[in-house]
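The next block holds one structure in the form of structure tokens; read it before the comments.
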Amino acid sequence: MRVSLQRSIFFATTLFAATLGAATVPAYVVRASGTSLFSVQLETDKTVYHTREPIKVRITIRNIAESEYGVRAFPPWLLSDLIIVDAQGKTVTPSVTPTHPGFRGDSKAWGIAPGKRVVPGYYALGNNVTFQEWVPIAFWGYELAHPGFYTVVVTPKLVAWPLTSPRPDYSKFPNAAPSTPVRIQVVL
């Protein structure tokens with residue numbers, strides 16, 4: 001029996017759609033026990049930002065395996081660790097309290113067929129509830145207040161299982177390879 005993959009909660013996924021003007025880099029393959037299952041792509045909405053301007057990222061997960069996998073669905077700030085390095089090669093420490101909208105959990109999962117992609121996001125609550133796939137780095141606790149060049153990478157923390165299994169055998173990827181780096185510049 002298949003797990004219901006379409007239950008509604010306070011965040012959702014969309015199929016990947018290219019966005020003009022985004023800083024796109026090649027995907028990096030996530031490996032589990034030597035087997036490539038997913039590629040993970042990180043994008044920024046721009047390449048140059050002003051100090052304290054919101055910097056937004058989008059994460060795309062693609063199934064490159066030969067069978068369909070279920071992936072535990074979480075918003076991006078729970079699915080991954082965001083790492084930022086300055087021009088001197090020093091890791092930037094999160095400097096603000098994460099400001100994400102929270103998360104209501106349940107047993108939701110994505111079913112990702114071979115070759116298909118999902119973009120994790122969240123619902124921005126307020127007057128108009130809208131789905132957001134571009135996520136501010138403040139949700140991970142970052143604010144880049146100093147001019148300079150920075151490199152941003154994401155390390156996914158996926159929990160996945162083959163949907164062909166009669167009883168899910170959960171595989172966790174705590175040490176998954178990071179995405180290919182995205183370089184940005186912060187100016188005054």
Side-chain angles (χ1 to χ4, degrees), residues 1-19 22-45 56-84 98 100-124 129-137 139-140 152-182:
M1 180 186 305
R2 260 179 108 150
V3 177
S4 170
L5 300 174
Q6 301 301 320
R7 279 191 274 160
S8 177
I9 59 174
F10 283 92
F11 82 103
T13 63
T14 61
L15 292 177
F16 173 77
T19 300
T24 305
V25 296
Y28 198 98
V29 176
V30 175
R31 299 187 184 275
S33 305
T35 305
S36 299
L37 299 176
F38 304 98
S39 65
V40 178
Q41 182 177 3
L42 176 68
E43 301 170 273
T44 55
D45 60 336
K56 296 181 181 179
V57 298
R58 177 168 64 183
I59 301 167
T60 302
I61 301 166
R62 180 174 180 252
N63 180 349
I64 59 173
E66 294 181 9
S67 59
E68 186 172 11
Y69 275 82
V71 175
R72 184 79 167 106
F74 288 115
W77 57 91
L78 294 178
L79 268 178
S80 61
D81 290 326
L82 193 72
I83 301 164
I84 301 177
H100 56 75
F103 171 67
R104 290 188 185 178
D106 70 3
S107 58
K108 181 178 173 139
W110 297 305
I112 309 175
K116 296 298 181 184
R117 301 172 177 155
V118 294
V119 178
Y122 68 99
Y123 279 106
V129 178
T130 58
F131 179 78
Q132 304 291 317
E133 58 184 39
W134 291 97
V135 182
I137 64 171
F139 286 15
W140 284 270
V152 184
V153 296
V154 65
T155 301
K157 301 184 293 190
L158 305 176
V159 176
W161 61 94
L163 288 181
T164 55
S165 298
R167 180 171 166 225
D169 178 19
Y170 295 96
S171 299
K172 191 169 185 177
F173 309 106
N175 298 315
S179 65
T180 302
V182 175

Is there side-chain contact between [X] and [Y], with at least one heavy-atom pair below 4.5 Å?
X	Y	result
T60	E43	yes
I64	R62	yes
F139	L82	no
K56	I137	no
Y69	P114	no
I83	V152	no
V57	W134	no
I59	V40	yes

Closer than 3.5 angstrom, by distance alone: can the side chain of [X] be matched with the main-chain N or O of [Y] as a donor-acceptor pair?
X	Y	value
S179	V153	no
W140	S80	yes
N63	G115	no

When rounded to the nearest 0.5 angstrom, what distance separates CG in L158 from CD1 in I61?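 Between L158 CG and I61 CD1, I get 5.0 Å after rounding to 0.5 Å.
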What's the separation between atom OG1 in T155 and atom CG in L79, rounded to the nearest 0.5 Å?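 The distance works out to 12.5 Å.
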Hydrogens and angles aside, do S39 and Q41 bring a side-chain donor and acceptor to less than 3.5 Å of each other?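 Absent: no donor and acceptor within the cut-off.
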Write down the atom of F38, the atom of V71, and the distance for their closest heavy-atom approach.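 Answer, listing the atom of F38 first, then V71: CZ-CG2, 3.6 Å.
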Check for me whether the distance between the ring centres of W77 and Y122 falls short of 6.0 Å.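 Ring centroids of W77 and Y122 are less than 6.0 Å from each other.
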Ionic contact status for D81 with K157, cut-off 4.0 Å: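 Yes, this pair counts.
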